[in-house]
Amino acid sequence: MSDENETSILDILTKVNDNTWEVPGNYKPGMNVPGRIFVSKPLLDILEPETIDQVANVASLPGIQKYSMAMPDAHLGYGFSIGGVAAFDKEKGVISPGGVGFDINCGVRLIRSNLMEDDVRPRLADLLDSLFEAIPSGVGSKSRMRLTDEELDDVFIHGVNWAVKNGYGMKGDLSHCESNGMMPGADPSKVSIKARKRGRPQIGTLGSGNHFLEVQYVDKVYDEEAAKAFGLKEGQITFMIHCGSRGAGHQICTDHLQKLTQASKKYKIPLPDKQLACAPASSEEAQDYFKAMVCAANYAWVNRQMIMHWAREVFDEFFKAQHGDLGLDLVYDVAHNVAKLEKHMIDGEEKEVYVHRKGATRAFPAGHPEIPEDYKNIGQPVIIPGSMGTASYVLKGCPAAMELTFGSACHGAGRVMSRSSAKKELRGEEIQNELKSQGIIVRATQPSLIAEEAPEVYKSSSDVVDVVHNLGIATKVARVLPMGVVKG
DNA sequence: ATGTAC
């Protein structure tokens, strides 16, 4: 069966190099540009054939630039594949919620510390219990804090600035978030009452699915200079937070998809897939979505900020008396699901484009104006979470990203088994015990959630990372290994 | 991912 798959995929694609495969511009009628799928041969062998169709479908949207792209962790998503990158002309292009995803600004942040593995290992179980208690998790979980309507507007507009101003963080946190934790252009009047209602009680909650808070240690440094700049060294304790905009972002996406489905008809945009609903970038409908999407993006940054703040408190409670200042600095926070207006060189000219990254990480190189001062000579930290119980990677953005992928890299391991199959075929308790035997503690609200996120339902994060490393899009700086995981 | 179906 897999032989047939392989043959059909290889019949369609043209090999550009070991890690780049082209979907020819004539593969499907209506394609405006060819597709580019960045995978190694082994990852190509497990690529779902429908992903190629999704890449081709996106290539048919108006104003798309250069290529419709898919990162090495690509898999089937709503309209656009997860791992999809597409840039659209500011004037002649479109904006599409499917190119961002339901979990707007799902993303990940990494926090470093002065602690070493041996300092934490003896108290790990208690530490995880306290983190699990301090950070609400699971579907529909409610926050420890209640925002007023005015505060919710401030979160939507000012993002992490609001949090720092109110004592939930340090000034240095701002510059270490992509977009300083605050994308400009938010308009809360474009967010429905329903989305507000869902978002208000959820700020500072982890959610469910692949979202997690993980206590880790730096296992390996590949790039001494970059690791030093990022404040990372072998044996050091770090923690990582992976989550998004919860019900707020989901509702914002749902609301505007409905409006943009109508708009696609109004503007007579031919859609090979209804899930690609979109509108001309400059239209009121597209701009309304964008303004609401920015609200959700800023909400997600605050969400991760609050979780970090409470996790810092827990770490202090455990280790401050003995170790003093723990140096719990934010290394960086990246968005995985967002659309941004960026400047890119296209055919020798600088152009403004709406870059849609859905399950893809921005990976700007050294010298780019959007990189914080202390990382300016290194490149943007690119944080790639592994699946539960497996390694995560820190990379640095490199110049090839600007040439090949509109400054983008992969975002994670990428699923190979659906949630439903995983629940049927795997048992959470067994996986939890298996991880325990490897010294990894998992705290979750339900065993079935552990099954859905088992290591074997994901591709290997190291295979995925090797592709972007070998292409020179983003190169490896350090690897971190999990010690304990808090999950929804 | 998601008050995992209004």
Side-chain angles (χ1 to χ4, degrees), chain A residues 54 71 73-84 96-109 135-143 146-147 152 191-213 241-258 275 289 292-293 295-297 299-301 303-304 307 334-339 356-361 385 387-388 411-424 428 444-454 457-458 486-488:
Chain A
Q54 291 199 320
M71 295 295 123
D73 47 340
H75 58 108
L76 219 55
Y78 182 92
F80 292 59
S81 62
I82 294 159
S96 176
V100 172
F102 279 85
D103 192 2
I104 296 164
N105 191 5
C106 177
V108 59
R109 64 171 55 190
I135 292 139
S137 62
V139 178
S141 53
K142 295 275 167 69
S143 177
R146 282 301 123 92
L147 297 176
L152 182 63
V191 177
S192 69
I193 301 290
K194 206 172 172 184
R196 297 180 67 97
K197 200 178 164 192
R198 288 180 69 176
R200 241 172 61 146
Q202 290 188 324
I203 199 83
T205 63
L206 198 53
S208 185
N210 63 354
H211 292 167
F212 64 73
L213 185 155
I241 295 161
H242 180 194
C243 64
S245 49
R246 310 284 286 109
H250 194 275
Q251 190 63 47
I252 285 169
C253 181
T254 303
D255 292 339
H256 286 268
L257 262 175
Q258 204 174 8
Q275 296 184 348
Y289 163 69
M293 183 213 73
C295 291
Y299 178 101
W301 272 306
N303 193 27
R304 292 195 285 277
I307 292 170
V334 290
H336 286 161
N337 284 6
V338 82
H356 291 57
R357 296 190 183 92
K358 179 190 191 176
T361 313
S387 51
M388 185 176 58
H411 88 302
R415 217 165 238 291
V416 286
M417 195 191 289
S418 72
R419 291 179 186 284
S420 50
S421 320
K423 263 198 277 197
K424 256 182 249 165
T445 49
Q446 277 177 42
S448 65
L449 296 163
I450 300 178
E452 284 181 37
E453 296 301 321
V457 313
Y458 282 91
V486 173
K487 291 198 68 73

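Just so we're on the same page: letters track the sequence lines, and every chain starts at 1.
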_Could you tell me if the side chain of A:N105 sits less than 4.5 Å from the side chain of A:R304, heavy atoms only?_
yes

*Only counting residues at least two apart or in another chain, list the ones meeting side chain to side chain contact (heavy atoms under 4.5 Å, CB included) with A:I135.*
A:L131, A:L206, A:L213, A:I307, A:W310, A:A311

_Gap between atoms CG and C1', on A:N105 and B:dT2 respectively (whole Å)_ = 16 Å

*Can you tell me how far P of B:dT2 sits from NZ of A:K487, to the nearest Å?*
11 Å

*Between A:D103 (CG) and B:dT4 (P), how many Å, whole number?*
15 Å

*Which is true for A:Q202 with a 4.0 Å heavy-atom rule: it touches a base, it touches only sugar-phosphate, or it touches nothing?*
sugar-phosphate

_Between B:dT2 (P) and A:R246 (CZ): distance, integer Å_ = 5 Å

*Would you mind reading off the distance between A:Y78 atom OH and B:dT4 atom P, rounded to a whole angstrom?*
18 Å

_Between B:dT2 (P) and A:H256 (NE2): distance, integer Å_ = 19 Å

*Look at the rings of A:Y78 and A:F102 and say which category their plane angle falls in: under 30° parallel, 30 to 60° tilted, over 60° perpendicular.*
perpendicular

_Heavy-atom nearest nucleotide on DNA chain B for A:L449 versus A:R415: which residue maps closer to 5'?_
A:R415

*Tell me what A:G244 touches on the nucleic acid: a base, only sugar-phosphate, or nothing, going by heavy atoms under 4.0 Å.*
nothing

*Name all pairs fulfilling the ring pair (Phe, Tyr, Trp, His ring centres under 6.0 Å) condition that reach into residues 192-213 of chain A, sequence neighbours left out, sorted by first residue then second.*
A:H211-A:H242, A:F212-A:H242

*So what does A:S208 hit on the nucleic acid, given a heavy-atom distance under 4.0 Å: a base, only sugar-phosphate, or nothing?*
sugar-phosphate

*Could you give the NE2-to-P distance, from A:H250 to B:dT4, as a whole number of Å?*
9 Å

*Just checking A:K194: base, sugar-phosphate only, or nothing, at a heavy-atom cut-off of under 4.0 Å?*
base

*How long is the line joining CZ of A:R419 and C1' of B:dT2, in whole Å?*
10 Å

